[in-house]
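Structure first, then comments.
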Amino acid sequence: MKQLMVLGLLVILTGCVTVNEEMLRKVNISPPQKQTMTVEVKTGELVQKLNGEGQNRGVLSGTTVLNAVAKSMMVRWKNKDIIADYGFSGELKKEPDYTITLSGVRNEDGSIAGAVLSGLTLLLLPSSSTLTYDLNLEFTNNHTQKHYTVKAKNAVTTWMQILLLPALPFSWIGSYNMLNDIADYSYDELRKQGPFTDS
């Protein structure tokens, strides 16, 4: 019983860090002239793979994952004064200026043998997994009915090891930066195509 309690405590106290793989070019955000635009958010299909194989291999549903990614993007856009407001389908009280639909693939790469070995050494040996998001963004101007598309691919690697415990309070930073890079890159690619200036 004591050993199980110690093992449980080690699992709870496991340190981890997330590292943004920075697969997208860095962009400087210049807000558009008009910041009164609202965006309706929709989610399409997300294929979830494990080590490049299978489908629907994620712990969370594809809709839940895409909703979280979309919300992160919209919060970033709102904080950067790119848009005035956003809402998921049916949430907005007025007609949205734009509709964004996210879909794509989420792949988790990690060594099962490495994770087992890490567990057997009570996390003295590190284990890691990399989540890669390969997203398709469809953007529609609801005033002109023009359609725009952007592909954005980025990844985050999570390292777990008992020795990383001091880094635990900062473990979210890599994931946060990875999602911000997707949001910034997507906005910049859309802006080049005409949205945010053609309504």
Check your understanding: Under 3.5 Å, is there a donor-acceptor pair between the Glu138 and Thr101 side chains?
Key -> no
Check your understanding: Under a 4.5 Å cut-off applied to non-hydrogen side-chain atoms, are Asp97 and Asn141 in contact?
Key -> no
Point to revise | Minimum side-chain heavy-atom gap Leu137-Ile100 below 4.5 Å | key: yes
Exercise for review: Decide, yes or no, whether a salt bridge links Asp184 with Lys80 under the criterion of side-chain N to carboxylate O below 4.0 Å.
Suggested key: no
Revision key, fill the gap. d(Thr38 OG1, Lys93 NZ) to nearest 0.5 Å is 13.0 Å
Check your understanding: Going by distance alone, is a donor N or O of one side chain under 3.5 Å from an acceptor N or O of the other, for Asp181 and Asn20?
Key -> yes
Practice item. Salt-bridge test for Lys153 and Glu21: reply yes if a basic N is under 4.0 Å from a carboxylate O, no otherwise. Key: no
Review point. Is the closest side-chain heavy-atom distance between Val47 and Lys49 below 4.5 Å?
Key: yes
Practice item. Over all heavy atoms of both residues, which pair between Lys42 and Ser89 is shortest? Give the atoms and the distance, please. Key: CE-OG, 3.9 Å
Check your understanding: Would you say the side-chain atoms of Asn142 pair up with the backbone N or O of Pro96, donor to acceptor, closer than 3.5 Å?
Key -> yes
Review point. Got a sec, which residues hit side chain to side chain contact (heavy atoms under 4.5 Å, CB included) with Glu91, two or more places apart in sequence or on another chain?
Key: Phe88
Revision key, fill the gap. Sorted by chain and residue number, the side chain to side chain contact (heavy atoms under 4.5 Å, CB included) partners of Asn136 (sequence neighbours excluded) come out as Ser103, Lys151
Distance-only donor-acceptor pairs under 3.5 Å for side chains of residues 65-74, two or more places apart:
residue : atom : partner : partner atom : Å
Asn67   : ND2  : Thr63   : O            : 3.4

Point to revise | Side-chain touch Tyr86/Val75, heavy atoms, less than 4.5 angstrom | key: yes
Exercise for review: Rounded to the nearest 0.5 Å, what's the gap from CE on Met178 to CD1 on Ile173? Could you check?
Suggested key: 14.0 Å
Practice item. Establish whether Leu92 and Ile83 are linked, either directly or via other cluster members, by ILVMFWY side-chain heavy-atom contacts under 4.5 Å. Key: no
Review point. Do any N or O atoms from the side chain of Thr140 and from the backbone of Tyr98 form a donor-acceptor pair under 3.5 angstrom?
Key: no
Check your understanding: Are any of the side-chain heavy atoms of Gln48 and Leu46 separated by less than 4.5 Å?
Key -> yes
Practice item. Mind checking the NE2-CD spacing from His143 to Glu95? Nearest 0.5 Å is all I need. Key: 9.0 Å
Practice item. Could you walk me through whether Glu108 and Thr130 pass side chain to side chain contact (heavy atoms under 4.5 Å, CB included), step by step? Key: CA-CA 6 Å; Glu108 181 175 359; Thr130 300; over 6 Å; no
Review point. Once you round to the nearest 0.5 Å, how far does CD1 of Ile82 lie from CE of Met37?
Key: 8.5 Å
Review point. Which of parallel (below 30°), tilted (30 to 60°) and perpendicular (above 60°) describes Trp77 and Tyr187?
Key: perpendicular
Exercise for review: Check step by step if side chain to side chain contact (heavy atoms under 4.5 Å, CB included) holds for Ile182 and Leu24.
Suggested key: CA-CA 7 Å; Ile182 290 176; Leu24 298 169; 3.9 Å; yes
Practice item. Spell out, as yes or no, whether a donor-acceptor pair under 3.5 Å connects the side chain of Asn154 to the backbone of Met23. Key: yes
Exercise for review: Flag the pair Arg76 / Leu179 as yes when at least one side-chain heavy-atom distance between them is below 4.5 Å, and no otherwise.
Suggested key: no
Check your understanding: Roughly how far, to the nearest 0.5 Å, is the CZ atom of Phe139 from the CD atom of Gln193?
Key -> 10.0 Å
Point to revise | Test item: Asp188 and Arg25 side chains (from C-beta on) under 4.5 Å apart, heavy atoms | key: yes
Point to revise | Arg106 vs Thr132 side-chain heavy atoms within contact, under 4.5 Å | key: no
